[in-house]
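Remarks on the structure that follows.
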Amino acid sequence: MLDKSFDPAAIEQAWYQRWEAAGYFGHRDHAAPAYCIQLPPPNVTGTLHMGHAFQQTLMDALVRYHRMRGCNTNWVVGTDHAGIATQIVVERQIEEEGKSRHDLGREAFVERVWRWKQRSGATITRQMRRLGASANWAYADAEGQKAGYFTMDARMSRAVAEVFVRLYEEGLVYRGKRLVNWDPALGTAVSDLEVDTEEEDGRLWEIRYPFGQGEGGVVVATTRPETLLGDVAVAVHPGDPRYQGLIGKAVQLPLTGRRVPVIADEYVDPAFGTGAVKITPGHDFNDYQVGKRHGLDPISILTLDAHLNDAVPAQYRGLERFEARKRVVEDLKALGLLIAEKPYRLRVPRSGRTGVIVEPMLTDQWFVKMEGLARDGLEVVARGEVRFFPEHWTATYNQWLENIQDWCISRQLWWGHQIPAWYDDAGNVYVARSEDEARRKAAGAALRRDPDVLDTWFSSALVPFSSLGWPEKTKDLETFLPSDVLVTGFDIIFFWVARMVMMTRHFTGRVPFRHVYINAIVRDAEGEKMSKSKGNTLDPLDLIDGISFEALLGKSTVGLMKPEHRQKIEAYVRSHFPAGIPAFGADALRFTFASLASFSRTLNFDLGRCEGYRNFCNKLWNAARFVLMNTEGKDCGLDERQPVALSFADRWIVSRLQRVEAEVEQAFAEYRFDNAAGAVYRFVWDEYCDWYVELAKLQLADADEASGRGTRRTLVRTLETALRLLHPIAPFITEELWQKVAPLAGKRGETIMLQPYPKSQPEKIDAAAERDMAALMEWTAAARTLRAEAKLPPAEKVALLRTADPAVSDLPYASRALCALARLSAFERRNPLPESTAPVAVLGEARIMLHKEVDPAAERQRIAREVARLEAQLARAETKLANPSFVERAPPKVVEQERARVGDFQAALAKLRDQLGRLQARS
RNA sequence: GGGUGCUUAGCUCAGCGGUAGAGCACUUCCUUCACACGGAAGGGGCCACAGGUUCGAUCCCUGUAGCACCCACCA
């Protein structure tokens with residue numbers, strides 16, 4: 001016997017362990033069609049958040065669905081070393097010990113990061129398991145931890161080196177001194193994508209560059225006065241009349257004693273500022289281009305940690321860049337060269353990682369040449385070999401690839417794949433798969449390895465094939481590439497999706513995946529971005545296990561970057577979770593995610609809905625409880641030779657089941673998880689529980705042997721099928737219940753996971769049964785409404801009189817059902833209805849009357865309201881039909897339908913007015 | 001500057017060229033032998049605004065406003 005209510009904690013852990021131990025998650029190397037999903041490998045920087053849980057729910061639902069459909073499923077999972085992010089996390093830890101990574105040295109530091117990685121990786125995989133992820137943990141598991149691959153494990157590293165070497169040999173990877181985005185806090189280059197440009201309040205300074213001693217000059221506008229120390233020119237627009245005479249002349253560069261030329265370049269916008277621009281090719285991307293066009297060499301004035309270097313006059317050397325700005329402005333002011341200082345909104349490039357202002361810096365870096373790769377990446381999408389869901393994300397993808405720059409892949413960090421390039425003393429470079437190979441190439445010269453590491457996304461880009469064993473020609477590559485769908489966030493379309501397409505195409509000739517499902521971004525219930533500093537983050541495990549208010553508050557306010565947020569966070573937690581969070585269980589959480597997964601771009605996570613779906617789980621649990629109570633140990637019609645009688649209700653629920661099966665199939669095919677979840681929800685609750693179970697109670701109470709057998713068989717089989725239907729979304733509860741229900745339906749199996757997924761059988765759709773049930777439901781609802789409006793106590797049974805019969809094929813059965821469902825003492829035919837003040841309603845051809853005298857005034861009011869409602873509807877319909885162009889041009893079906901409605905309204909109105917007349921006569 | 005998405009019930013969201021929907025919240029009644037994490041009956045919407053197309057627009061088109069996001073080298 002099942003417990004009275006569903007307790008997720010009692011079943012989840014046990015089932016997961018059994019599934020995993022039994023090896024159900026693994027792929028089977030057989031003839032079945034392959035179904036493969038690549039997990040976006042989570043960073044080993046911490047724990048999973050709601051976005052991960054959401055994404056993984058969808059992936060798991062897809063994988064479980066296809067596994068049950070007989071596919072050879074392989075959900076390839078792993079974790080990402082996340083270069084910069086992870087290095088930062090560990091550096092912070094070391095800082096708390098009062099040390100820096102330089103105190104440890106590179107080797108010891110990397111050792112330390114590995115230790116952290118083990119811990120964080122374990123947390124992540126534990127969370128995924130709690131969520132029920134049926135991931136192929138043992139696959140590509142180089143480290144024997146049943147956690148999939150790690151992007152820095154030996155196998156993945158080998159693929160990285162191989163790719164790097166091949167790209168170098170093809171001329172697609174090159175090294176060069178270029179202006180790159182430099183994060184001075186981290187001391188590394190970052191890619192364009194890792195720079196966030198935000199509008200901020202700043203100033204615009206206007207500075208005079210004199211022609212010579214005291215005779216006027218050119219006024220330039222700048223937001224960064226300190227960079228004038230690195231200026232090589234002043235540029236004006238070639239057509240600007242103000243400056244025609246100056247082009248080719250020289251001006252005095254303040255504070256330096258240098259003279260720089262005035263040059264003409266189209267880049268200058270004469271309408272902006274003063275129309276004259278200082279040119280600093282060493283620290284500005286535009287100026288770099290201008291300098292190149294005019295043969296002016298850049299001057300670097302900054303050290304790698306953003307202090308002024310020896311290229312500037314002595315009094316500024318060693319100053320930090322913002323300190324330098326102050327000093328430069330003061331000195332200019334003192335010299336009378338500062339013409340104006342205005343407040344100004346400017347776009348400030350900040351490092352996505354550290355938030356410090358990024359400095360364009362001239363450094364030696366490695367790049368990937370993108371042009372050809374990008375063109376191919378665009379083509380495969382244009383040809384439909386890779387499709388985005390929702391489709392509009394294609395535009396975003398295209399836009400980026402159409403304007404792509406070469407990719408700076410070197411990072412001046414310690415944590416990551418060290419670049420497989422070696423230098424000899426003469427400065428020659430040897431790119432090789434290993435030091436041995438490099439040595440052979442270098443023919444005995446002393447070698448020094450490039451200290452830099454690769455951008456994390458370099459190895460991520462290879463995952464679709466490196467995880468399947470590339471560069472070996474493996475069977476798995478053959479089977480699982482391309483994977484079927486990539487489920488990921490829009491924020492990494494550029495970082496990851498596009499780069500996977502390009503790399504996978506280049507090295508395998510295949511696309512990495514056929515579909516890209518871009519999932520919504522998870523926000524809080526008010527649509528605010530979840531962030532630790534607001535206190536509105538949710539830990540998926542807290543929703544599964546529940547958490548007390550005190551514990552939640554403690555968690556939310558621990559380890560804050562800015563302690564001043566504490567009060568705000570506390571207020572948020574206090575108002576949103578005054579009683580903490582109840583334990584909803586993994587199934588309810590998953591069901592919530594699925595229900596909210598429409599094609600909208602954000603997902604506002606609503607605790608109320610999670611609660612609603614927890615209730616749904618409980619409803620399902622109790623439906624199963626009812627079924628078991630009524631079928632265990634009884635004849636459920638397993639013996640096909642025994643006679644079975646099926647009522648229209650039995651045939652109806654079976655018919656509806658076929659429809660919901662078809663709906664769910666379509667929903668999964670379209671990645672409309674909300675529709676899949678909604679279809680099952682409505683079927684289980686609104687149809688099976690609300691109607692079928694209630695009717696089954698009657699059928700069991702007064703059934704003969706054959707119909708009892710039929711009812712029990714239908715109860716059990718329908719439930720068993722619904723469990724399989726729901727399993728991909730709610731794996732735990734369905735497994736638990738299926739184990740008990742399935743044997744009664746004659747099914748055997750160790751697990752529901754590997755049972756066939758229900759398939760709609762259109763021949764079981766029974767139009768007659770559906771029509772009968774629709775009539776019964778309509779009559780029941782009408783009778784109940786009359787009762788409620790007459791304020792009858794539930795215990796009081798009255799008779800319902802009718803002028804005509806409900807249009808059902810089995811009237812005696814329907815009458816009995818109606819009496820039970822609407823608590824009627826009798827259901828009698830009486831035409832005409834007796835003169836009475838009793839409440840009357842119109843149902844198609846029939847009038848029905850509760851056999852109960854009520855206050856005539858109240859009843860008149862009720863009917864008058866109904867008359868008014870019908871009159872309004874009638875008027876609308878008649879207006880339509882009075883319009884000749886409607887009748888002529890609308891489809892005949894629509895016109896016909898409208899005419900029928902008018903007829904119905906008129907008939908109903910006539911009957912109601914008739915009744916109204918009687919009531920008036922009696923008062 | 002270019003691009004994308006959104007605006008529907010108090011809240012969070014579906015939907016659709018022809019009678020406006022769900023969950024939660026709300027009102028009334030009910031502890032009936034699966035379930036109060038429940039049952040029954042209700043209330044609640046100028047579908048952002050303005051034009052256009054159409055017999056008919058919440059839906060298609062154009063524009064406006066507001067919100068959000070992405071990309072981009074104006075000092």
Side-chain angles (χ1 to χ4, degrees), chain A residues 2 4-6 192 197 204-205 220-224 227 235 267-269 271-280 284-290 344 346-347 390 392-393 395-396 398-400 403 490-491 493-494 521 525-527 529 582 584 588 592 595-596 598-630 672 674-675 678 681-682 689-690 693-694 697 781 784-789 791-795 821-823 873 876-877 880 883-891 893-895 897-898 901:
Chain A
L2 296 176
K4 197 170 169 186
S5 57
F6 169 51
D192 304 344
T197 307
L204 188 67
W205 286 272
V220 301
T222 181
T223 56
R224 305 192 50 196
T227 62
Y267 153 72
V268 180
D269 175 3
F272 185 87
T274 61
V277 188
K278 57 192 277 313
I279 300 299
T280 321
D284 184 282
F285 289 99
N286 292 315
D287 294 5
Y288 184 76
Q289 295 302 328
V290 174
Y344 183 64
L346 69 162
R347 275 165 285 276
H392 69 256
W393 289 109
T396 305
N398 288 342
Q399 199 192 356
W400 187 64
N403 302 299
F490 77 85
D491 50 331
I493 289 178
F494 308 145
I521 298 298
E526 284 92 27
K529 214 165 174 172
F584 294 123
T592 309
S595 299
L596 294 172
S598 65
F599 274 178
S600 124
R601 104 184 1 209
T602 56
L603 182 165
N604 294 355
F605 190 87
D606 185 349
L607 218 57
R609 285 192 75 155
C610 195
E611 189 181 341
Y613 296 125
R614 188 270 319 264
N615 295 351
F616 171 71
C617 290
N618 189 57
K619 186 78 179 174
L620 178 69
W621 180 269
N622 273 288
R625 188 160 172 263
F626 167 81
V627 171
L628 291 171
M629 283 167 61
N630 286 280
R672 287 301 302 266
D674 56 334
N675 289 345
Y681 182 98
R682 287 188 298 272
C689 291
D690 281 356
V693 163
E694 292 308 316
K697 286 175 185 171
R784 282 171 171 172
T785 303
L786 284 181
R787 284 191 65 110
E789 289 182 346
K791 300 209 188 307
L792 279 192
L821 294 172
R823 305 190 143 265
Q873 299 232 41
R876 277 224 305 247
K880 257 188 184 178
N883 179 353
S885 50
F886 171 72
V887 181
E888 282 163 31
R889 308 173 86 148
K893 222 179 84 186
V894 174
V895 178
Q897 183 190 314
E898 211 57 33
R901 292 184 69 212

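No experiment lies behind these values; they were computed from the predicted model shown. Quick note on labels: first sequence line is chain A, next is B, and so on, each numbered from 1.
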Legend entry - Distance-only donor-acceptor test, Arg901(A) side-chain atoms vs U19(B) base atoms, 3.5 Å: yes
Legend entry - Heavy-atom donor-acceptor pair, Gln399(A) side-chain to A72(B) base, under 3.5 Å: no
Inset, instruction - Using a 4.0 Å heavy-atom cut-off, write out nucleotides 36-46 of chain B from 5' to 3' as B (base contacted by protein), S (sugar-phosphate only) or - (no contact). - result: SBSSSSS----
Legend entry - Whichever of Thr602(A) and Ala624(A) has its nearest RNA chain B nucleotide further upstream toward 5': Thr602(A)
Legend entry - First of Asp674(A) and Arg224(A) reached from the 5' end of RNA chain B, by closest nucleotide: Asp674(A)
Between the protein and nucleotides 4-9 of chain B, which nitrogen or oxygen pairs come in under 3.5 angstrom?
unit_1	atom_1	unit_2	atom_2	d
U4(B)	O2'	Arg601(A)	NH2	2.6
G5(B)	O4'	Arg601(A)	NH2	3.2

With sequence neighbours excluded, tell me which residues meet side chain to side chain contact (heavy atoms under 4.5 Å, CB included) with [X].
X	value
Ala588(A)	Phe584(A), Arg614(A), Cys617(A)
Tyr267(A)	Asp265(A), Asn286(A), Asp287(A), Val290(A), Arg293(A)
Thr602(A)	Arg523(A), Ser600(A), Asn604(A)
Phe285(A)	Leu179(A), Asn181(A), Pro360(A)

Just jot down the side-chain hydrogen bond (donor to acceptor under 3.5 Å, both in side chains) partners of [X], sequence neighbours excluded, or say none.
X	answer
Asp269(A)	none
Trp621(A)	none
Thr592(A)	none
Glu898(A)	Arg901(A)

Legend entry - Interatomic distance at C1', U58(B) relative to A68(B), whole Å: 22 Å
Inset, instruction - Using the C1' atoms only, state how far A22(B) lies from U8(B), rounded to an integer number of Å. - result: 12 Å
Legend entry - Watson-Crick and G-U pairing of RNA chain B written in dot-bracket, each distance under 3.5 angstrom, with | for inter-strand partners: (((((((..((((....[..)))).(((((.......))))).....(((((..]....))))))))))))....
Please produce a list of atom pairs where a protein N or O lies less than 3.5 Å from an N or O of nucleotides 26-31 of chain B.
none

Inset, instruction - Determine whether Tyr613(A) and Ser595(A) make a side-chain contact, defined as any pair of heavy atoms from C-beta on separated by less than 4.5 Å. - result: yes
Inset, instruction - Determine whether Phe490(A) and Thr396(A) make a side-chain contact, defined as any pair of heavy atoms from C-beta on separated by less than 4.5 Å. - result: no
